[in-house]
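Please read the structure below before turning to the comments.
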Amino acid sequence: MRYTYYFQDEIDKEPVQELIDILVQMEAVDLFVTTPGGSAWSMDVLMHAINQHPDINIYLTGYIASAGTFFLTDCTQPVYLHDNLEWILFHQGDRPVEGEFRKNPLDRHELYSNLKKVNDEWAAKYKKLGLNSKEIKRYNEGDDVVLYKKDFNRLKIARPE
């Protein structure tokens with residue numbers, strides 16, 4: 001029998017680690033996911049764990065936003081858009097600003113450059129996924145891009161060769 005688990009939380013350190021702790025105990029898993037997104041770093045860790053799992057299927061349900069879209073581009077396991085998936089939201093990554101009251105030793109220009117490179121890489125992944133040129137332009141301008149059910153048929157969920 002396959003274990004069914006429903007993850008409906010932000011993609012952050014604690015919820016991701018709790019999910020990984022559950023997944024590593026199960027031989028066969030159907031993972032249903034609804035998420036507002038969260039940390040790209042936490043999502044990278046989750047993708048690492050999921051992509052190593054011996055038998056897991058991912059079902060995107062409800063809505064998927066922000067870092068949750070990485071399931072569509074970086075997951076090497078089967079990913080399905082469930083019938084009740086309403087929308088998917090894509091946007092550029094951002095970083096909180098700190099140092100209002102004390103000096104910050106971090107080079108903001110270097111961090112901006114790094115984040116710009118990452119956002120450009122995601123734009124290329126989202127274009128390959130099926131976002132059209134108008135949507136990619138809006139993404140690159142910093143706007144949220146929302147796809148609805150009527151748009152899902154053009155998505156090409158990435159799989160490594």
**OP:** Determine, step by step, whether Gln25 and Asp21 satisfy the side-chain hydrogen bond (donor to acceptor under 3.5 Å, both in side chains) criterion, reporting the C-alpha distance in whole Å, the side-chain angles of both residues, the deciding distance to 0.1 Å, and the verdict.
**Re:** CA-CA 7 Å; Gln25 298 177 51; Asp21 291 345; over 6 Å; no
Original post:
Only one of Leu89, Asp151, Ile88 clears side-chain contact (heavy atoms from CB on, under 4.5 Å) with Val146; which?
Top reply: Leu89
Original post:
Would you say the side-chain atoms of Asp12 pair up with the backbone N or O of Gly38, donor to acceptor, closer than 3.5 Å?
Top reply: no
Subject >> Side chain Arg138, main chain Asp143, donor-acceptor under 3.5 Å >> reply: no
**OP:** Could you tell me whether a side-chain N or O of Thr35 sits under 3.5 Å from a main-chain N or O of Asp9, the two making a donor and an acceptor?
**Re:** yes
Original post:
Counting only heavy atoms not in Gln52, do more than 12 sit closer than 6.0 Å to its CD atom?
Top reply: yes
**OP:** Kindly check if the number of other-residue, nucleotide or ligand heavy atoms within 6.0 Å of CG (Asn153) is above 12?
**Re:** yes
Original post:
So, Glu135 side chain and Asn132 main chain: donor-acceptor pair closer than 3.5 Å or not?
Top reply: yes
**OP:** Check the angle between the aromatic planes of Tyr59 and His82 and answer parallel, tilted or perpendicular using the 30° and 60° thresholds.
**Re:** perpendicular
**OP:** Please determine if Lys125 and Glu121 form a salt bridge, counting it only when a charged side-chain N lies under 4.0 Å from a carboxylate O.
**Re:** no
**OP:** Show the numbers, then the answer: is there a side-chain contact (heavy atoms from CB on, under 4.5 Å) between Ile11 and Ser39?
**Re:** CA-CA 6 Å; Ile11 310 282; Ser39 162; 5.6 Å; no
Subject >> Any donor-acceptor pair under 3.5 Å from Asp107 side chain to His109 backbone >> reply: yes
Original post:
Looking at the rings of Tyr139 and Phe90, which for Trp means the six-membered one, are their centres under 6.0 Å apart?
Top reply: no
Subject >> Criterion side-chain contact (heavy atoms from CB on, under 4.5 Å) on Tyr80 and Leu85, from CA distance to verdict >> reply: CA-CA 10 Å; Tyr80 304 97; Leu85 181 64; over 6 Å; no
Original post:
Is there a donor-acceptor contact under 3.5 Å from the side chain of Thr34 to the main chain of Thr61?
Top reply: yes
**OP:** Carefully, step by step, assess Leu147 and Arg154 under the rule side-chain contact (heavy atoms from CB on, under 4.5 Å).
**Re:** CA-CA 10 Å; Leu147 299 185; Arg154 64 182 153 102; 3.5 Å; yes
Subject >> Rounded distance (nearest 0.5 Å) linking atom CZ of Arg2 with atom CG of Asp55 >> reply: 4.0 Å
Original post:
Rounded to the nearest 0.5 Å, how far apart are CD1 of Ile157 and NZ of Lys128?
Top reply: 13.5 Å
Original post:
Do Tyr6 and Phe32 have ring centres separated by under 6.0 Å?
Top reply: no
